[in-house]
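Presented below is the structure to which this report refers.
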Amino acid sequence: MADFSAMEKDLSSILFNEKQIETRVRELGELISRDYSGKNPVVIGILKGSLIFMSDLIRRLTIPLNIDYVAVSSYGRSTDSSGVVRIVKDLDEPIEGRHVLVVEDIVDTGLTLRYLLDNLQSRGPLSVAVCVLLDKPSRRKVDIKPDYCGFEIPDEFVVGYGLDYAENYRNMPFIGILDRSVYEGK
Ligand code: IMP
Ligand code: MG
């Protein structure tokens with residue numbers, strides 16, 4: 001077993017281990033494959049947080065599909081979303097007339113997704129749905145409910161499996177709660 005203790009020491013607990021994530025991603029893959037049968041969707045990952053989830057998820061999708069990416073940056077403190085979002089890397093291809101599935105790491109206040117969904121909607125897709133790995137429903141500021149969700153989590157700041165704090169911890173293959181001592185007072 002690989003030893004991630006150099007990063008794991010900053011966690012107060014592990015929320016989901018590799019096995020739990022793998023099982024849930026497989027379930028989501030089966031569900032989405034069924035729902036999108038014959039639809040040839042374009043699966044859009046939001047960089048960078050969705051990177052690992054997206055790569056695991058699409059390998060569980062048994063249907064023909066295309067992938068694309070957008071990168072957004074949000075201003076504000078790194079454990080809190082400001083809602084001011086900017087597209088820093090746009091899609092490579094138009095989505096007009098396509099079924100779109102947006103893949104995101106986590107929905108917290110919902111401000112990032114709201115902005116992005118409105119933006120994508122304006123480009124004339126046939127449909128737009130959202131698949132998130134994690135949902136923190138208690139923190140929602142706008143009315144948004146993901147169509148597919150891996151796990152609902154409590155109001156804690158989590159890292160790993162693509163999720164970062166100040167660009168760190170993305171490469172841990174499991175998801176943990178970041179100890180408050182790491183970011184409090186910053
Ligand atoms: P929202 O706009 O508040 O929904 O925030 C969404 C974005 O904030 C996500 O794409 C993440 O990049 C980041 N985020 C929110 N909560 C967490 C967390 O617990 N850990 C890591 N990133 C988070
Ligand atoms: Mg993100």
Side-chain angles (χ1 to χ4, degrees), residues 4 7-18 20-21 24-25 28 43-58 67-91 100-121 128-186:
F4 288 90
M7 289 177 280
E8 211 178 319
K9 67 171 174 42
D10 293 343
L11 305 180
S12 53
S13 66
I14 291 181
L15 264 188
F16 304 109
N17 63 31
E18 287 187 67
Q20 291 169 307
I21 296 171
R24 188 64 186 130
V25 170
L28 287 172
V43 181
I44 298 177
I46 306 180
L47 292 173
K48 301 171 217 170
S50 73
L51 179 74
I52 296 176
F53 175 43
M54 170 100 163
S55 69
D56 283 346
L57 181 69
I58 57 176
I67 65 171
D68 209 338
Y69 283 97
V70 286
V72 297
S73 91
S74 76
Y75 302 98
R77 275 178 38 220
S78 37
T79 60
D80 220 352
S81 176
S82 64
V84 184
V85 181
R86 191 164 55 98
I87 293 183
V88 292
K89 184 235 169 279
D90 204 352
L91 299 173
V100 169
L101 179 66
V102 175
V103 176
E104 172 64 313
D105 52 359
I106 184 166
V107 53
D108 185 21
T109 63
L111 291 166
T112 305
L113 266 179
R114 176 78 284 145
Y115 171 85
L116 204 66
L117 293 179
D118 289 347
N119 181 293
L120 296 177
Q121 226 23 289
V128 180
V130 179
C131 176
V132 298
L133 177 66
L134 304 174
D135 187 359
K136 268 191 223 175
S138 60
R139 296 244 313 163
R140 206 71 97 248
K141 286 185 185 159
V142 293
D143 184 27
I144 199 164
K145 191 159 168 35
D147 302 86
Y148 306 93
C149 169
F151 305 99
E152 282 195 4
I153 63 167
D155 181 12
E156 300 280 359
F157 197 82
V158 297
V159 292
Y161 198 71
L163 292 119
D164 75 305
Y165 170 68
E167 295 300 327
N168 294 312
Y169 310 104
R170 291 195 199 271
N171 57 316
M172 291 191 307
F174 45 83
I175 295 168
I177 297 176
L178 189 63
D179 196 273
R180 289 180 180 273
S181 65
V182 177
Y183 57 86
E184 262 170 14
K186 284 194 181 159

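Numbering of ligands and ligand atoms starts at 1, following listing order.
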Check your understanding: Any luck finding a side-chain donor-acceptor pair between Tyr165 and Asp10 under 3.5 Å?
Key ->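 There is no such pair (donor and acceptor under 3.5 Å, judged by atom type) between the side chains of Tyr165 and Asp10.
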Review point. Ile144 and Gly110: which non-hydrogen atoms are nearest, and at how many Å?
Key: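 Reported closest heavy-atom pair: CG2-CA, 3.9 Å.
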Check your understanding: Looking only at heavy atoms, what is the nearest atom pair of Lys89 and Tyr69, with distance?
Key ->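 Taking every non-hydrogen atom into account, NZ-O, 3.3 Å.
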Review point. Hey, are Lys48 and Asp105 close enough for a salt bridge, meaning a charged N less than 4.0 Å from a carboxylate O?
Key: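 Answer for the salt bridge query: no.
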Point to revise | Lys141, portion touching ligand 1 at heavy-atom distance under 4.0 Å | key: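 Under 4.0 Å from ligand 1, Lys141 contributes no heavy atoms.
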Practice item. Say whether Asp164 and ligand 1 are in contact under the criterion: heavy-atom distance to a ligand atom below 4.0 Å. Key: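 Per 4.0 Å heavy-atom rule, Asp164 contacts ligand 1.
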Exercise for review: Assess Ile106 for proximity to ligand 1: is some non-hydrogen atom of it under 4.0 Å away?
Suggested key: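 Flag set, Ile106 near ligand 1.
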Check your understanding: If you draw a 6.0 Å radius around CG in Asp118, do more than 12 non-hydrogen atoms from other residues or ligands fall strictly inside?
Key ->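 Check passes, neighbour count above 12.
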[X] heavy atoms, cut-off 4.0 Å: which ligand 1 atoms fall inside?
| X | value |
| --- | --- |
| Lys136 | 16 (N), 17 (C), 18 (C), 19 (O) |
| Thr112 | 1 (P), 2 (O), 5 (O), 6 (C) |
| Leu163 | 20 (N), 21 (C), 22 (N) |
| Leu111 | 2 (O), 4 (O) |
| Glu156 | 19 (O) |
| Glu104 | 9 (C), 10 (O) |

Review point. Looking at Val158, Val159, Ile153, Leu11, which one forms a side chain to side chain contact (heavy atoms under 4.5 Å, CB included) with Ile177?
Key: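 Going through the options one by one, the only one that passes is Val158.
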Review point. Between Val158 and ligand 1, does any nitrogen or oxygen pair lie at a separation below 3.5 Å?
Key: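 Yes; the residue has a nitrogen or oxygen that sits under 3.5 Å from a nitrogen or oxygen of the ligand.
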Practice item. Please confirm whether Gly110 comes within less than 3.5 Å of ligand 1 when only nitrogen or oxygen atoms on both sides are compared. Key: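 Min N/O separation from ligand 1 is below 3.5 Å for Gly110.
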Exercise for review: Could you tell me whether the side chain of Val72 reaches within less than 4.5 Å of the side chain of Tyr115, counting heavy atoms only?
Suggested key: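 In short, these two side chains do not touch, never coming nearer than 4.5 Å.
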Practice item. Could you check if a side-chain atom of Val43 sits within less than 4.5 angstrom of a side-chain atom of Met54, using non-hydrogen atoms only? Key: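 Counting from C-beta outward, Val43 and Met54 do come under 4.5 Å.
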